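This report concerns only the one structure given below.
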Amino acid sequence: MLLEGKTVLVTGASAGIGRAVAIGCAAHGANVALNFSRDVAGANAAVAEIEALGRKGIAIQGDVSDPATATAFVAQAVEAFGRVDVFVNNAGICPFHAFLDMPVETFERTMRVNLHGAYFMVQAAANQMVKQGDGGSIIAMSSISALVGGEYQTHYTPTKAGLHSLMQSVAIALGKHNIRCNSLFPGTILTDINKDDLADQEKRSYMEGRIPLGRLGQPEDLVGPTVFLASDLSQYVTGASLLVDGGAYVNLQ
Ligand SMILES: NC(=O)C1=CN([C@@H]2O[C@H](COP(=O)(O)OP(=O)(O)OC[C@H]3O[C@@H](n4cnc5c(N)ncnc54)[C@H](OP(=O)(O)O)[C@@H]3O)[C@@H](O)[C@H]2O)C=CC1
Ligand SMILES: C[C@H](O)[C@@H]1OC(=O)[C@H](O)[C@@H]1O
């Protein structure tokens, strides 16, 4: 098993990609601590699935936009499992909205959850890994949106570019501690975050038509790439990014 004996922390793991990745890491041998902010039932269901795989799971509630959540999450995970080997920064929101009348609160909330939250979470996880002294892996759920724009995502795409930029800089800052820092760039993955947006059949068909592999993504499509970056298979990979988009990005014509 690629993650046997490792402790993995995942933010935003009560649903969607985070939940799939948390359960997927458990299937590869890890004990997993989940962060979530509101969905108690979803978080508990994810823990139950992890335990059904014979691993340990714990759900810890906290809004990542509050810097205090980061230190509390890491401290409680260490109390439960003793250490942090892998940290997956996944929590994120994308409240689609036009640019010209973007509400200040929507802009600021998106920044605080997706980028500020990531900064303090990554910092807290990295401090624990440095204390342990034997390296680690930090993975950011960035996006294809780090590379391309979206008309109704002017507040969101900068957070995804910023997240990858954060991984690049912390890869340098933490390399001396053998802590690797990488980004995943999912394309369009079917989750609650885009349920309303993709209810527009015209848009959905357009998005599907852009994908050489012929389908939109599922949360489980992120499991393999996450396990790869979490495991020693990627021991010489840091500061890198991996598109997980069915080929959408390269499909110009
Ligand atoms: N789906 C897609 O097409 C793509 C998604 N991504 C990125 O993947 C990540 C996961 O998205 P996805 O699974 O689709 O979204 P979902 O909406 O399905 O899940 C989001 C998760 O984040 C949690 N969350 C939201 N806000 C907070 C917060 N303030 N503090 C802690 N947890 C929070 C939610 O928990 P709760 O409900 O309990 O608050 C939930 O578990 C995001 O960062 C997103 O930007 C990137 C590219 C494409
Ligand atoms: C939420 C969107 O459907 C999704 O988020 C991203 O980061 C992708 O680029 C998609 O636009």
Side-chain angles (χ1 to χ4, degrees), residues 9-24 33-47 59-70 72-73 88-97 108-118 120-121 139-164 166-167 183-200 203-204 206-208 210-211 215-223 225-226 241-246 248-249:
L9 275 60
V10 186
T11 66
S14 58
I17 293 171
R19 178 184 166 141
V21 158
I23 294 166
L34 286 69
N35 152 271
F36 68 103
S37 70
R38 291 173 309 183
D39 183 1
V40 177
N44 287 341
V47 168
I60 300 165
Q61 192 163 14
D63 183 335
V64 299
S65 70
D66 177 356
T69 296
F73 180 44
V88 183
N89 193 90
N90 170 79
I93 57 172
C94 182
F96 287 77
H97 203 286
E108 289 189 341
R109 178 73 186 157
T110 305
M111 288 284 164
R112 287 198 187 285
V113 172
N114 295 8
L115 192 52
H116 297 208
F120 293 110
M121 275 286 181
I139 301 162
M141 208 57 73
S142 174
S143 172
I144 188 175
S145 298
L147 306 175
V148 290
E151 180 175 357
Y152 298 98
Q153 295 177 307
T154 57
H155 52 325
Y156 171 81
T157 60
T159 68
K160 294 290 141 177
L163 197 48
H164 180 51
L166 174 63
M167 286 303 100
S183 301
L184 289 171
F185 287 179
T188 301
I189 312 296
L190 292 164
T191 70
D192 289 345
I193 207 172
N194 49 29
K195 204 158 62 182
D196 293 343
D197 188 51
L198 294 174
D200 175 348
K203 174 154 186 189
R204 186 176 172 132
Y206 167 75
M207 298 304 286
E208 282 168 347
R210 287 200 51 164
I211 301 171
R215 64 171 176 87
L216 296 169
Q218 294 292 340
E220 290 70 24
D221 290 320
L222 272 303
V223 171
T226 301
S241 59
L242 177 58
L243 274 160
V244 187
D245 68 343
Y249 178 70

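We count ligands from 1, going down the list as the structure has it; atoms in each ligand are counted the same way. Everything numeric in this text was worked out from a predicted model, so none of it was measured.
- The N/O atoms of D197, backbone and side chain alike, include none that comes under 3.5 Å of an N/O atom in ligand 2.
- Close contacts between ligand 2 and S143 involve ligand atoms 6 (C), 7 (O), 8 (C), 9 (O) [criterion: under 4.0 Å to a heavy atom].
- For S142, every heavy-atom contact with ligand 1 shorter than 4.0 Å involves the backbone, none the side chain.
- Remark: among candidates G150, A146, A248, S145, the nearest residue to atom 8 (C) of ligand 2 is S145, based on non-hydrogen atoms.
- Applying the 4.0 Å criterion to heavy atoms of F96 picks out, from ligand 2, the atoms 1 (C), 2 (C), 3 (O).
- Using a 4.0 Å cut-off between heavy atoms, N114 makes no contact with ligand 1 at all.
- Residue, atom and distance of the protein heavy atom nearest to atom 22 (O) of ligand 1 are G12 CA, 3.4 Å.
- Neither the backbone nor the side chain of T11 comes within contact range of ligand 1; no heavy atom lies under 4.0 Å.
- Salt bridge D221/R215: present, at least one basic N to carboxylate O contact under 4.0 Å.
- The backbone and the side chain of I189 each have at least one atom closer than 4.0 Å to an atom of ligand 1 (non-hydrogen atoms only).
- The protein heavy-atom contact nearest to atom 48 (C) of ligand 1 is G187 O, 2.9 Å.
- Under 4.0 Å from ligand 2, not a single heavy atom of Y249 appears.
- Of the listed options V21, V64, T191, V113, T191 places a heavy atom closest to atom 14 (O) of ligand 1.
- Nearest protein neighbour of atom 10 (C) of ligand 1, counting heavy atoms only, is N90 OD1, 3.3 Å.
- When non-hydrogen atoms are compared, ligand 1 lies under 4.0 Å from neither the backbone nor the side chain of L190.
- Remark: minimum distance from atom 1 (C) of ligand 2 to any protein heavy atom is reached at I193 CG2, 3.5 Å.
- The shortest side-chain heavy-atom distance between M167 and S241 does not fall under the 4.5 Å cut-off.
- Remark: distances from the non-hydrogen atoms of I144 to ligand 2 include one below 4.0 Å.
- The protein non-hydrogen atom at the shortest distance from atom 5 (O) of ligand 2 is Y156 OH, 3.2 Å.
- Looking at D192, L34, D39, it is D39 that brings a heavy atom closest to atom 37 (O) of ligand 1.
- Proximity of R109 to ligand 1, defined as any heavy-atom pair under 4.0 Å, is confined to the side chain (atoms from C-beta onward).
- In this structure, the protein non-hydrogen atom closest to atom 5 (C) of ligand 1 is I17 CD1, 3.7 Å.
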Q.
As a quick check of understanding, evaluate salt bridge (Lys or Arg N to Asp or Glu O under 4.0 Å) for D63 and R112, giving each step before the final call.
A. CA-CA 10 Å; D63 183 335; R112 287 198 187 285; over 6 Å; no
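- Heavy-atom proximity to atom 27 (C) of ligand 1, evaluated over A22, S37, A118, is greatest for S37.
- No side-chain donor-acceptor contact under 3.5 Å links S14 and R19.
- Heavy atoms of Y156 found under 4.0 angstrom from ligand 1 belong exclusively to the side chain.
- Ligand 2 has G187 within reach: a non-hydrogen atom of the residue lies less than 4.0 Å from it.
- Neither the backbone nor the side chain of R19 comes within contact range of ligand 1; no heavy atom lies under 4.0 Å.
- In terms of protein heavy atoms, atom 4 (C) of ligand 2 is closest to Q153 NE2, 4.1 Å.
- A salt bridge is defined here as a Lys NZ or Arg NE, NH1 or NH2 lying under 4.0 Å from an Asp or Glu carboxylate O, and R204 with E208 meets this definition.
- Here the shortest heavy-atom distance to atom 40 (C) of ligand 1, taken over A91, G117, A43, S14, belongs to S14.
- Side-chain contact check for K160 versus F185: every heavy-atom pair is 4.5 Å or farther apart.
- Counting heavy atoms from C-beta outward, N90 and V21 have side chains that stay 4.5 Å or more apart.
- Side-chain contact check for N35 versus L9: every heavy-atom pair is 4.5 Å or farther apart.
- Counting heavy atoms closer than 4.0 Å to ligand 1, residue A13 contributes backbone atoms (N, CA, C, O) but none from C-beta onward.
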